[in-house]
Amino acid sequence: MPLEIVRNDITKMQVDIIVNAANTALQMGGGVCGAIFNAAGAEPLQKVCNEIGECPVGEAVITDGFQLQAKHIIHSVGPIWTGGLNNERALLTASYENALSLAKEYNCKSIAFPLISSGVYGYPKEQALQIAISTISAYLMEHEMHVYIVVFDKKAFRLSEKLFTSIHEY
Ligand code: AR6
């Protein structure tokens, strides 16, 4: 099945590429970003991110995976939720689409996404999950890739059970 929802720490995923929920400055933060930087090796990863510089909201850049099992990390910047009237839905959709296109350029066969924007950036988790599922599903109608959505906290896991039938808890 090309789209699966799993409950796991994304740094443990055995895939070609994992996606980071990044900020525009590409600086190590908390949440999934902190976990990915720590697992990859924060110093070398921050160095290459500094060389790249910035990434606008809705766009994505790629780096090496360093000490991760994944070969690459795609840093995708989701929107900060400010109530839903500031183009958040389109920007969150774009952050998935741009990450998927970039992954394709790198001949990616398997990729794992966190629920972008649904933590520090405050996007309501149910909507964030729906956007993730619908955007990835639309992409998979036209492209071959094995995509995982990795949910981490209990609330996201419960929502995913409700919204999607095939879920694996690792
Ligand atoms: N594996 C998978 N998912 C995780 C993990 C993990 N190890 N840890 C947390 N999550 P967030 P955002 C989930 O806040 O909202 C950072 O500081 C978490 O439960 O990491 O896009 C960045 O540098 C939540 O559902 O990302 C930015 O400044 C989801 O990952 C800013 O936060 C996303 O939560 C980005 O905020």
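All values below were derived from every heavy atom in this structure, side-chain atoms included, with hydrogens, water molecules and symmetry-related copies excluded.
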Checklist line | Pairs satisfying ring-ring contact (aromatic ring centres under 6.0 Å, His included), at least one member in residues 99-122, at least two apart | finding: H72-Y106, Y96-F113

Note to self: Nearest 0.5 Å, please: how far is CG in L102 from CD1 in I62?
What the structure shows: 4.5 Å

Check: Is the shortest heavy-atom distance from the side chain of K109 to the side chain of H146 under 4.5 Å?
Finding: no

Checklist line | hydrophobic_cluster_shared for I149 and L140, side chain cutoff 4.5 Å | finding: yes

Next item on the list: Verify side-chain contact (heavy atoms from CB on, under 4.5 Å) between N23 and V77, making sure each step is shown before the conclusion.
Entry: CA-CA 5 Å; N23 50 61; V77 183; 5.5 Å; no

Margin query: Tell me whether N38 contacts the main-chain N or O of A42 through its side chain, where contact means a donor paired with an acceptor under 3.5 Å.
Written below: no

Margin query: For residues L92 and V57: do they belong to one hydrophobic cluster (side chain heavy atoms under 4.5 Å, members Ile, Leu, Val, Met, Phe, Trp, Tyr)?
Written below: no

Next item on the list: Answer yes or no: is there an ion pair linking K47 with E51, defined by an N-O contact shorter than 4.0 Å?
Entry: yes

Note to self: Contact between L26 and C55 at the side-chain level, heavy atoms closer than 4.5 Å - yes or no?
What the structure shows: yes

Notebook entry, point to check: Is a side-chain donor or acceptor of S76 paired with a backbone partner of S95 at a separation under 3.5 angstrom?
Noted result: yes

Checklist line | Euclidean distance, I73 CD1 relative to C49 SG, rounded to 0.5 Å | finding: 7.5 Å

Check: Is there side-chain contact between V151 and N8, with heavy atoms separated by less than 4.5 Å?
Finding: no

Checklist line | Single-linkage hydrophobic cluster, 4.5 Å side-chain cutoff, Y123 and V120 together | finding: no

Check: Between D16 and K71, is the closest basic N to carboxylate O distance under 4.0 Å?
Finding: yes

Notebook entry, point to check: Does F157 offer a backbone N or O that forms a donor-acceptor pair with the side chain of S160 under 3.5 Å?
Noted result: yes

Checklist line | Residue list, ring-ring contact (aromatic ring centres under 6.0 Å, His included) with F37, at least two apart or on another chain | finding: none

Check: With respect to V15, which candidate in I17, I18, V19 satisfies the side chain to side chain contact (heavy atoms under 4.5 Å, CB included) definition?
Finding: I18

Check: Has the side chain of Q130 got a donor or acceptor atom that lies under 3.5 Å from a matching backbone atom of K125?
Finding: no

Note to self: Using the rule that Ile, Leu, Val, Met, Phe, Trp and Tyr join whenever any side-chain heavy atoms are under 4.5 Å apart, tell me whether L100 and L3 fall into a single cluster.
What the structure shows: yes

Notebook entry, point to check: Which distance, rounded to the nearest 0.5 Å, do you find between the CG of L129 and the CD1 of I116?
Noted result: 12.0 Å

Notebook entry, point to check: Going by an N to O cut-off under 4.0 Å, is there a salt bridge joining K162 and E126?
Noted result: yes

Item checked: V61 with I111, same ILVMFWY side-chain cluster at under 4.5 Å -> no

Notebook entry, point to check: Tell me, do I10 and V32 make a side-chain contact under 4.5 Å, heavy atoms counted?
Noted result: yes

Check: Which residue pairs satisfy the side-chain hydrogen bond (donor to acceptor under 3.5 Å, both in side chains) criterion with at least one member in residues 81-93, sequence neighbours excluded?
Finding: T82-N86, T82-E88

Item checked: E161 (side chain) donor-acceptor with L159 (main chain) under 3.5 angstrom -> no

Next item on the list: With rounding to the nearest 0.5 Å, note down the distance linking SG in C33 to NE2 in H75.
Entry: 8.0 Å

Next item on the list: Determine yes or no for a side-chain-to-main-chain donor-acceptor pair under 3.5 angstrom, with T135 supplying the side chain and A132 the backbone.
Entry: no

Next item on the list: Examine distances only and state if a side-chain atom of K104 and a backbone atom of M145 form a donor-acceptor pair shorter than 3.5 Å.
Entry: no

